[in-house]
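Heads up, the thing below is written out as structure tokens.
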Amino acid sequence: MTLKYLIKNITMVNEGYSTTTDILIYDGIIQKIGNIYVEPNHNVIDGTDKHLFPGIIDGQVHFRDPGLTHKGDLYTESKAAIAGGTTSFIDMPNTVPNILTVESLKEKYEIASKKSLANYSFFLGVNGDNIEDVIKTDTSQFIGVSDDGLYFTKKGNLLADNPETMEKLFANCKSIIAIHSEKEAVVEKNEQAFREKYGDDIPAKFHPIIRSTEGCYEATKQAIELAQKHNARLHILHLTTEAETHLFQNDIPLQEKKITTEVSVHHLWFSDKDYERLGMLIKWNPAIKTEQDKEGLLKALLDDKIDIITTDHAPHTLEEKQKPYFQSMSGAPMVQHSLNCMLEFYKQDLISLEKIVEKMCHNPAILYSMTNRGFIREGYFADLTLVDLNSQWTVAKDNLLYKCGWSPLEGTTFQTEIKQTFVNGNLVYDHGLFYEEKSGMAIDFKK
């Protein structure tokens, strides 16, 4: 028998406003919103003094499945995501093997159908090796194509370093093209200068100088110009510099934008001041940069030049992170704490709850044309996150769910706590307990 959940007296944050209401859920769907009488077959959840958000949709994660599952996998990382209020994700192609063929993409969906507790979708990888195959394919069947993370495989895989390949892709691709926007030539020149001074053991604080503003800005500017030339649908991943924010528009609705971008939570949370304390643990590509960049990114988010918030969740083992500069892997786990981080900014009066929901729930669903997700609406999938905005807890190893077992946020005290998470109407996370009988679903999107 299908369980019917009735959430009573909850403060719903949705579509630009907050209001106290009741929500009835069954058959995986939000059936009714409003004043609802309790019936004997209702499982009643008291929402008094709590807030209800649509489930967070994370548009960029690296869950490491297949091939790198010593770091994380579709089960462990989706479980961590759900504990943090994230109910849907889009995973990147830099697994082993790289997801460069339709066949490997189908295999990944098959793995997810058995392992993922959250809803899932996957980018097809694109680089110089498979560009001809990609442009011959009807790419509208994919949620997007991306080069992100493929630079780990070998140098020269970033589209930003291959204008000819990028132009060919932009002229022929019918889906969103999501790119990692850095000029490797600029990075390599800077690497060489610091290697001559420090050898292989370059201090972490120089990472944002090596992976510089110049390298990001020039790549982003070039990509936008090419996309405009071909009227292509371009999405710039994990923006890191204040300078780049001025390249984006905020004068048209998201539905009409052909050029979009995102900010990852860590680029809002950390700055170059944190390298001394955390070292290689906060080594990301593109790099965490200055306080001015951090503030500029938040301003652009509030001004709607930045469209969505992601995590770029990228687990590595602690051993892999703690190696010297050139051996230390770039990336870190964030998906369990992204909503908490943003709610901390709310507590500091830097952003409203409604804007958080817009950027983490509504806009990812709009940007990727997802069907019936991202909003609290009757008839939509019941992907929901119930939050206590006045519950303190501290990130520690014993409450981490990442397979890699560490976080750059360890020791951070949050003032908000995710209490319950529904995925497709199933109560999967409930005050620290998981109910894993149902897997997540492949995300349907408008083709």
Side-chain angles (χ1 to χ4, degrees), residues 11 13 18 47-53 55-56 58 61 72 76-77 79-86 204 263-284 288 291 294-295 297-298 301-302 309-316 318 321-322 331-357 359-361 385-421 429-434:
T11 301
V13 186
S18 298
T48 306
D49 297 326
K50 305 293 190 301
H51 286 70
L52 190 70
F53 295 171
I56 305 305
D58 194 337
V61 302
T76 59
E77 308 313 284
K79 187 173 181 178
I82 286 169
T86 293
V263 64
S264 294
V265 172
H266 50 279
H267 292 122
L268 297 171
W269 188 264
F270 299 109
S271 76
D272 56 359
K273 294 180 180 178
D274 296 301
Y275 284 108
E276 187 174 349
R277 178 172 61 92
L278 292 166
M280 299 301 174
L281 296 185
I282 58 168
K283 182 189 177 204
W284 264 279
I288 289 162
E291 281 285 320
K294 184 173 86 165
E295 291 166 7
L297 290 167
L298 181 59
L301 183 74
L302 297 174
I309 297 167
T310 61
T311 64
D312 190 19
H313 174 83
H316 298 287
L318 205 51
K321 288 297 290 182
Q322 291 175 330
M334 287 293 289
V335 77
Q336 190 179 339
H337 307 105
S338 58
L339 180 54
N340 292 117
C341 287
M342 295 310 302
L343 291 173
E344 210 62 29
F345 295 141
Y346 160 74
K347 288 285 191 175
Q348 297 165 20
D349 292 323
L350 296 174
I351 191 170
S352 69
L353 294 179
E354 293 79 9
K355 185 61 78 171
I356 291 171
V357 167
K359 300 297 184 178
M360 300 187 84
C361 312
T385 297
L386 195 147
V387 180
D388 187 338
L389 294 181
N390 297 290
S391 179
Q392 280 198 356
W393 65 288
T394 300
V395 180
K397 285 206 183 295
D398 64 2
N399 55 38
L400 292 174
L401 295 170
Y402 307 133
K403 195 173 194 178
C404 65
W406 68 275
S407 166
L409 294 166
E410 285 175 52
T412 302
T413 297
F414 289 119
Q415 301 175 71
T416 64
E417 191 170 8
I418 286 79
K419 295 296 187 180
Q420 292 169 305
T421 305
Y429 179 75
D430 185 8
H431 296 83
L433 299 175
F434 286 88

I want to check something: taking the side chain as every heavy atom from C-beta on, are Lys294 and Leu297 in contact at a cut-off of under 4.5 Å? no

Surrounding CD of Glu276 (heavy atoms of other residues, nucleotides or ligands, distance under 6.0 Å), is the total greater than 12? no

If I take atom OG1 from residue Thr385 and atom CD1 from residue Ile82, how far apart are they, to the nearest 0.5 angstrom? 9.5 Å

Separation of Leu281 CG from Leu318 CG (nearest 0.5 Å): 6.5 Å

State whether the number of non-hydrogen atoms from other residues, nucleotides or ligands found under 6.0 Å of Lys273 atom NZ is greater than 12. no

Stepwise side-chain contact (heavy atoms from CB on, under 4.5 Å) test for Cys404 and Lys321: CA-CA 11 Å; Cys404 65; Lys321 288 297 290 182; over 6 Å; no

Shortest non-hydrogen contact between His316 and Gly331, atoms and distance: CD2-O, 3.5 Å

For residues Ile56 and Cys361, determine if any side-chain heavy atom of one lies less than 4.5 Å from a side-chain heavy atom of the other. yes

Leu353 and Leu343, any side-chain heavy atoms less than 4.5 Å apart: yes

What's the spacing between Tyr429 OH and Leu433 CG if we round to 0.5 Å? 8.5 Å

Could you tell me if the side chain of Gln336 sits less than 4.5 Å from the side chain of Ser407, heavy atoms only? no

Report yes if some heavy atom in the side chain of Val13 is under 4.5 Å from a heavy atom in the side chain of Ile356; otherwise report no. no

Are Trp269 and Phe345 close enough that some pair of their side-chain heavy atoms sits under 4.5 Å apart? yes

Just grab all the salt bridge (Lys or Arg N to Asp or Glu O under 4.0 Å) pairs involving residues 386-401, residues at least two apart or on different chains. Lys397-Glu410

Go through it in stages, so that I can follow the logic: the residues are Met360 and Ser338, the test is side-chain contact (heavy atoms from CB on, under 4.5 Å), and I'd like the CA-CA distance, side-chain angles, deciding distance and then a yes or no. CA-CA 9 Å; Met360 300 187 84; Ser338 58; 3.8 Å; yes

Asn340/Ile418 under side-chain contact (heavy atoms from CB on, under 4.5 Å): CA gap, chis, key distance, verdict: CA-CA 8 Å; Asn340 292 117; Ile418 286 79; 3.6 Å; yes

Report yes if the side chains of Ile282 and His266 come closer than 4.5 Å at any heavy-atom pair, otherwise no. no

Taking the side chain as C-beta and beyond, is there a heavy-atom pair between Leu409 and Met334 under 4.5 Å? yes

Could you grab the distance from atom CD1 of Ile309 to atom CE of Met342, nearest 0.5 Å is fine? 3.5 Å

Step by step, work out the side-chain contact (heavy atoms from CB on, under 4.5 Å) result for His337 and Phe414. CA-CA 9 Å; His337 307 105; Phe414 289 119; 4.2 Å; yes

